[in-house]
Amino acid sequence: MNQIYMQYICKNCGKIYLDKDVKGRMTPIKGYYCPECIEKYRLENPAFPPKKQLSEAQIRTLKKYQFPKGKNKLNS
């Protein structure tokens, strides 16, 4: 069985390395540590890919355009 690999950018040193694909993405993921940093500094990679932190302006924009909660009035 063939494994799919992708590029990762080390969170600590910034080196690019190859590892098994986690989510099927085309762009490099920046939230993991390379094997050298794991061995040297005893770091651990997260079990799941990191989520992007939203700024206050992005949060306000999302809340502004969010659908209102309540009954579906289109089907009644």
Heavy-atom closest contact ([X] atom, [Y] atom, distance):
X     : Y     : value
Cys37 : Asn12 : SG-ND2, 3.5 Å
Gly14 : Ile9  : O-CG2, 3.9 Å
Gln58 : Gln53 : OE1-O, 4.4 Å
Met6  : Ile29 : CE-CG1, 4.0 Å

Exercise. Please walk me through it: do Tyr32 and Asp19 pass side chain to side chain contact (heavy atoms under 4.5 Å, CB included)?
Worked result: CA-CA 10 Å; Tyr32 291 96; Asp19 203 357; over 6 Å; no
Exercise. So how far is it from Cys10 SG to Ile38 CD1, rounded to the nearest 0.5 Å?
Worked result: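 It comes to 8.0 Å.
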Exercise. Going from CD1 on Ile16 to NZ on Lys30, what distance comes out if it is rounded to the nearest 0.5 angstrom?
Worked result: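 Spacing of CD1 (Ile16) from NZ (Lys30) equals 9.5 Å.
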Problem set entry | Under 3.5 Å: donor-acceptor pair, side chain of Tyr8, backbone of Gly31 |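 Not confirmed, Tyr8 side chain does not pair with Gly31 backbone.
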For this session: Keeping the roles fixed (side chain from Tyr33, backbone from Arg42), state whether a donor-acceptor pair exists under 3.5 Å.
Result: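 No, Tyr33 side chain to Arg42 backbone: no donor-acceptor pair under 3.5 Å.
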Exercise. Got more than 12 heavy atoms from elsewhere within 6.0 Å of CD1, Ile4?
Worked result: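 At most 12 heavy atoms, drawn from other residues, nucleotides or ligands, come within 6.0 Å of this atom.
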For this session: Starting from the C-alpha separation in whole Å, work towards a yes-or-no answer on side chain to side chain contact (heavy atoms under 4.5 Å, CB included) for Arg60 and Glu56.
Result: CA-CA 6 Å; Arg60 275 186 268 131; Glu56 292 294 324; 4.0 Å; yes
For this session: Please test Gln7 against Leu18 for side chain to side chain contact (heavy atoms under 4.5 Å, CB included), starting from the C-alpha separation and ending with a verdict.
Result: CA-CA 5 Å; Gln7 292 179 347; Leu18 293 175; 4.0 Å; yes
